Amino acid sequence: MREKPLSKIGDELVRLRHGLSRTSEDRTPPAGFGIDRSLVSGFVEGELSQQDEAELARQMAGLMPFHWSQPNSYASIMSQVTDHLGGQRDLVTWLDGFPGLPRLVARLYVLMGLLDQYSENAAVVTALRELRERTPYPAGLKGYLVPETDDDTLAGIAFRIEELLGDKEKGRAVDLALATTECLRQIAPRAAEMDPELGDLAELMDHSRQDVQDAAAEPRT
């Protein structure tokens, strides 16, 4: 995972995203998902084998899309891992060290973090609105965008990526992520005209696109 996209996101990647699709509270983790408490204890104490740490990473990656609906006991366990690593950005860096589902989830959450960052940026919203006046539904985004473009639009896409991950629709989550990076790549020059601080938007989307593509191409367990 490239450092630049990671450096641009906020510290709160695992966040509540209410009201952007069907209510989060109506969804629960699929049967069989959970975190082995013995793995968590061993990890915090520095006693896990490489194989067991990889299994813990897989379990964490599987539960992240359900962070808002977990029982307090699981939320506490996830917090132990996150706090031990140093925070949510450190969590995704750790997950990125394990091929397959953990790496893919990590890179998608970094992209979601970028979408959350840009969702309320006036220049990005304006450039996206102008694009949609010509092309109401850019390639790959039909069915994910509502007609109006506002400061919830990109956050809404982040929600849908997370929702698809939770529904075990990883292929669709990847397709939506890649379509979104391409859309933002298209509006990057116009956004930078209005806000020079967005001069690296195209580069960030290129990096994120490649990161997600690379992770998606790996075998997943």
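This is a predicted model, so every value here is computed, not measured.
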Would you be so kind as to tabulate the donor-acceptor pairs closer than 3.5 Å made by side chains of residues 188-196, with sequence neighbours excluded?
from: Arg190; atom 1: NE; to: Glu130; atom 2: OE1; distance (Å): 2.8
from: Arg190; atom 1: NH1; to: Glu193; atom 2: OE1; distance (Å): 3.0
from: Arg190; atom 1: NH2; to: Glu130; atom 2: OE2; distance (Å): 3.2
from: Asp195; atom 1: OD1; to: Glu197; atom 2: N; distance (Å): 3.0

The reported gap from CG in Leu111 to CG in Leu115 (rounded to nearest 0.5 angstrom) is 4.5 Å
Across all chains, not counting sequence neighbours, the side-chain contact (heavy atoms from CB on, under 4.5 Å) partners of Glu133 are Arg129
Salt bridge (Lys or Arg N to Asp or Glu O under 4.0 Å) filter on Glu55, not counting sequence neighbours, yields Arg58
For the side chain of Gln80 and the backbone of Val44, is there at least one donor-acceptor N/O pair under 3.5 Å apart?
no
Scanning both residues in full, the closest heavy-atom pair of Leu104 with Ala216 reads CD1-N, 4.1 Å
Is the closest side-chain heavy-atom distance between Met78 and Met64 below 4.5 Å? yes
Output for pair (Gln88 CD, Thr93 OG1), nearest 0.5 Å, gives 12.0 Å
Those residues at least two apart in sequence (or on a different chain) that pass salt bridge (Lys or Arg N to Asp or Glu O under 4.0 Å) with Glu203 are Lys4
- Query: Would Asp36 and Leu56 count as a side-chain contact (heavy atoms from CB on, under 4.5 Å) if you check the C-alpha gap in whole Å, the side-chain angles of each, and the deciding distance to 0.1 Å?
  - Reply: CA-CA 7 Å; Asp36 187 327; Leu56 177 61; over 6 Å; no
What one should report as the nearest heavy-atom pair of Pro102 and Ala61 is CA-CB, 3.7 Å
side-chain contact (heavy atoms from CB on, under 4.5 Å) filter on Glu53, not counting sequence neighbours, yields Phe43, Leu48, Trp94, Phe98
**Validation row: Tyr109, Pro65 side chains within 4.5 angstrom (heavy atoms)** = yes
Given the options Arg160, Glu162, Gln117, Met112 meets side chain to side chain contact (heavy atoms under 4.5 Å, CB included) only with Glu162
With sequence neighbours left out, the residues meeting side chain to side chain donor-acceptor pair (under 3.5 Å) with Thr126 are none
Between the OG1 atom in Thr82 and the CG atom in Leu91, the distance rounded to the nearest 0.5 Å is 4.5 Å
In short, salt bridge (charged side-chain N to carboxylate O under 4.0 Å, His left out) pairs touching residues 96-105 with sequence neighbours left out are Asp96-Arg107, Arg103-Glu218
Asp175 meets the side chain to side chain donor-acceptor pair (under 3.5 Å) criterion, sequence neighbours left out, with none
Rounded to the nearest 0.5 Å, the CE atom of Met205 sits from the CD1 atom of Ile187 at a distance of 9.0 Å
More than 12 foreign heavy atoms under 6.0 Å from CD of Glu45: is that the case here? yes
Contacts of Ala173 meeting side-chain contact (heavy atoms from CB on, under 4.5 Å) (sequence neighbours excluded), chain-then-number -> Leu108, Ile161, Leu164, Leu165
Closest heavy-atom pair, Met60 versus Leu95, reported as atoms and distance to 0.1 Å, is CB-CD2, 4.3 Å
- [ ] Answer whether the closest heavy-atom distance between the side chains of Val40 and Val81 falls below 4.5 Å.
- [x] yes
Between the side chain of Thr153 and the main-chain N/O of Asp150, is any donor-acceptor distance below 3.5 Å?
yes
Salt bridge (Lys or Arg N to Asp or Glu O under 4.0 Å) filter on Arg185, not counting sequence neighbours, yields Asp206
CG of Leu184 to CG of Leu204, rounded to nearest 0.5 Å, is 10.5 Å
Do Val212 and Thr181 come close enough that some side-chain heavy atom pair is under 4.5 Å? no
Residues at least two apart in sequence or cross-chain that pass side chain to side chain donor-acceptor pair (under 3.5 Å) with Asp200, listed by chain then number, are Lys8
Do any side-chain atoms of residues 141-149 form donor-acceptor pairs under 3.5 angstrom with protein atoms, and if so which ones, sequence neighbours left out?
from: Tyr144; atom 1: OH; to: Arg172; atom 2: NH2; distance (Å): 3.2
from: Thr149; atom 1: OG1; to: Arg132; atom 2: NH1; distance (Å): 2.9

Q: Indicate yes or no for a side-chain donor-acceptor contact from Asp167 to the backbone of Glu169 under 3.5 Å, with no hydrogens or angles considered.
A: no
One should read off an interatomic distance between Ser119 OG and Leu114 CG, to the nearest 0.5 angstrom, of 12.0 Å
Notebook entry, point to check: With hydrophobic residues grouped by side-chain heavy-atom distances under 4.5 Å, do Leu201 and Val125 end up in a single group?
Noted result: no
message: Treating Ser49 as the side-chain partner and Asp52 as the backbone partner, does any N or O pair qualify as donor plus acceptor under 3.5 Å?
response: yes
(message) Using the rule given for side-chain contact (heavy atoms from CB on, under 4.5 Å), can you reason through Tyr118 versus Leu128, listing the C-alpha separation, both sets of side-chain angles and the distance that settles it, and then say yes or no?
(response) CA-CA 11 Å; Tyr118 290 126; Leu128 181 57; over 6 Å; no
**Item:** Neighbour count >12 (heavy atoms, 6.0 Å) for atom CD, Glu47
**Value:** yes
